[in-house]
Asks: 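This is the structure I have questions about; it appears just below.
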Amino acid sequence: MEKAVERALYSQSVQKAPGPDQLSFGAVRLLWKRDGERMVNRAKATICPGRHPAVWKQASGVVIRQPSKDDYTKLKAYRTISLLSCMGKVIGKVVAELLSEEAERRGLLSDGQFGNRKGRSAINTAAIMVDRVHAAWMDGNITGVLLMDIKAAFPSVAKGRLVNGMKAKHIDGDIIRWTESFLSKRTVEMIIEGNAMTRPPVKAGVQQGSPLSPMLFAIYYSRLIKWVEEYV
């Protein structure tokens with residue numbers, strides 16, 4: 001656990017803005033150097049019981065203007081940056097590593113799934129596709145490519161369906177309980193031109209900006225990929 005926490009902490013840039021608690025990664029690293037054992041114990045006390053602290057579930061959505069837009073009265077001229085607790089990100093990174101290792105070890109993801117997996121980048125995807133097309137041409141066959149554009153990917157994740165999918169794959173119970181807590185009772189505070197709005201609850205989706213969200217989404221839509229491979 002100690003090495004996992006250290007990797008999670010030092011894989012984050014100190015240039016990133018802090019979340020609502022105003023505790024930056026620079027400050028968290030100072031805490032690690034002074035009392036790393038305390039951080040490791042905190043990670044264990046969070047993950048093993050399956051409880052993500054409420055203070056780390058708060059997010060700030062800062063709305064900023066996109067550069068070089070002609071008309072700033074239009075919604076598309078703006079974008080939102082999600083600011084999360086840095087300590088929450090560290091714990092999320094540790095869980096993402098544990099979940100990724102278990103998924104790869106037990107073959108929980110489709111062989112044809114490349115996104116959000118180690119050693120399977122967009123470059124690897126393109127290289128394998130070109131290789132398979134070339135092999136088909138050499139045998140005189142025709143190759144087709146099915147492209148699926150998943151709109152609003154992270155916001156569309158349904159918590160209940162994700163958790164049930166993790167249970168169906170027999171993922172470690174502590175991780176499932178922690179994930180369910182991670183996705184529950186979250187709030188976001190929108191900040192527009194320095195003015196903070198109300199903090200409404202977030203009832204669906206996975207957090208933008210969290211290091212865990214890509215892995216959760218990979219598990220969420222893995223059944224879709226397997227279905228397509230079987231029937232198309």
Side-chain angles (χ1 to χ4, degrees), residues 4 7-8 10-13 15-16 66-70 74-82 84 89 92-172 175-176 179 182-183 204-232:
R7 284 194 299 271
Y10 282 89
S11 65
Q12 306 286 343
S13 172
Q15 302 298 323
K16 290 185 177 180
Q66 296 196 51
S68 304
K69 293 295 183 178
D70 297 328
K74 296 182 178 180
L75 184 60
K76 291 184 178 181
Y78 297 83
R79 68 187 183 96
T80 304
I81 298 177
S82 180
L84 309 175
K89 281 188 174 183
K93 186 77 171 179
V94 173
V95 175
E97 183 176 314
L98 294 173
L99 192 53
S100 176
E101 289 175 354
E102 182 172 2
E104 296 295 341
R105 182 178 65 254
R106 295 178 48 212
L108 301 180
L109 302 177
S110 168
D111 290 337
Q113 187 169 340
F114 282 77
N116 310 316
R117 299 177 69 180
K118 291 182 179 179
R120 296 193 174 201
S121 65
I123 295 176
N124 299 124
T125 306
I128 290 177
M129 183 175 67
V130 170
D131 181 71
R132 290 182 178 178
V133 170
H134 184 264
W137 285 353
M138 294 296 292
D139 293 335
N141 296 324
I142 297 175
T143 300
V145 178
L146 176 64
L147 302 177
M148 297 186 296
D149 184 12
I150 303 176
K151 296 292 186 181
F154 282 13
S156 67
V157 174
K159 182 189 71 173
R161 186 172 297 176
L162 170 61
V163 171
N164 289 337
M166 295 174 73
K167 291 178 180 179
K169 294 177 183 294
H170 303 289
I171 291 174
D172 181 81
I175 295 179
I176 293 177
T179 300
F182 171 76
L183 296 173
V206 291
Q207 287 182 330
Q208 290 281 355
S210 170
L212 175 61
S213 295
M215 191 62 210
L216 290 180
F217 183 68
I219 292 174
Y220 183 72
Y221 76 89
S222 61
R223 287 182 294 177
L224 173 62
I225 292 180
K226 289 185 177 181
W227 183 89
V228 171
E229 290 175 342
E230 291 175 1
Y231 292 99
V232 178

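The first residue in the sequence is number 1, and the count goes up from there.
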Asks: Measuring from Glu104:CD to Leu99:CG, what's the distance to the nearest 0.5 Å?
Replies: 10.0 Å

Asks: I want to check something: taking the side chain as every heavy atom from C-beta on, are Lys169 and Ser222 in contact at a cut-off of under 4.5 Å?
Replies: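 Yes, close enough: below the 4.5 Å cut-off.
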
Asks: Check this for me, if you would: do Glu102 and Arg106 make a salt bridge, where the nitrogen-to-carboxylate-oxygen distance has to be below 4.0 angstrom?
Replies: yes

Asks: Once side-chain hydrogen bond (donor to acceptor under 3.5 Å, both in side chains) is applied, do any residues pair with Arg132, and if so which ones, sequence neighbours excluded?
Replies: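 If we apply the side-chain hydrogen bond (donor to acceptor under 3.5 Å, both in side chains) test to Arg132, skipping adjacent residues, there are no hits.
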
Asks: What's the shortest heavy-atom distance between Ala4 and Val94, and which atoms?
Replies: O-CG2, 3.8 Å

Asks: Between Val163 and Ile176, what is the shortest heavy-atom contact and its length?
Replies: CG1-CG2, 4.0 Å

Asks: With a cut-off of 6.0 Å (strictly less than), are more than 12 heavy atoms of other residues, nucleotides or ligands near CD of Gln15?
Replies: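 Open: at most 12 neighbouring heavy atoms sit under 6.0 Å from CD of Gln15.
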
Asks: Could you tell me whether the side chain of Lys69 reaches within less than 4.5 Å of the side chain of Lys76, counting heavy atoms only?
Replies: no

Asks: Could you pull out the closest heavy-atom pair between Ser82 and Gln208, with the gap in Å?
Replies: OG-O, 3.1 Å

Asks: Which atoms form the tightest heavy-atom contact between Leu216 and Val206, and what is the distance?
Replies: CD1-CG1, 4.2 Å

Asks: With rounding to the nearest 0.5 Å, note down the distance linking CE in Met166 to OG1 in Thr179.
Replies: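 So the gap between those two atoms works out to 3.5 Å.
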
Asks: Once salt bridge (Lys or Arg N to Asp or Glu O under 4.0 Å) is applied, do any residues pair with Glu101, and if so which ones, sequence neighbours excluded?
Replies: none

Asks: Is there side-chain contact between Ser210 and Leu84, with heavy atoms separated by less than 4.5 Å?
Replies: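 Heavy-atom side-chain distance check passes, below 4.5 Å.
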
Asks: Is the number of heavy atoms from other residues, nucleotides or ligands under 6.0 Å of Asp70 CG greater than 12?
Replies: no

Asks: For Asn124, what residues pass the side-chain hydrogen bond (donor to acceptor under 3.5 Å, both in side chains) criterion, not counting sequence neighbours?
Replies: Ser121

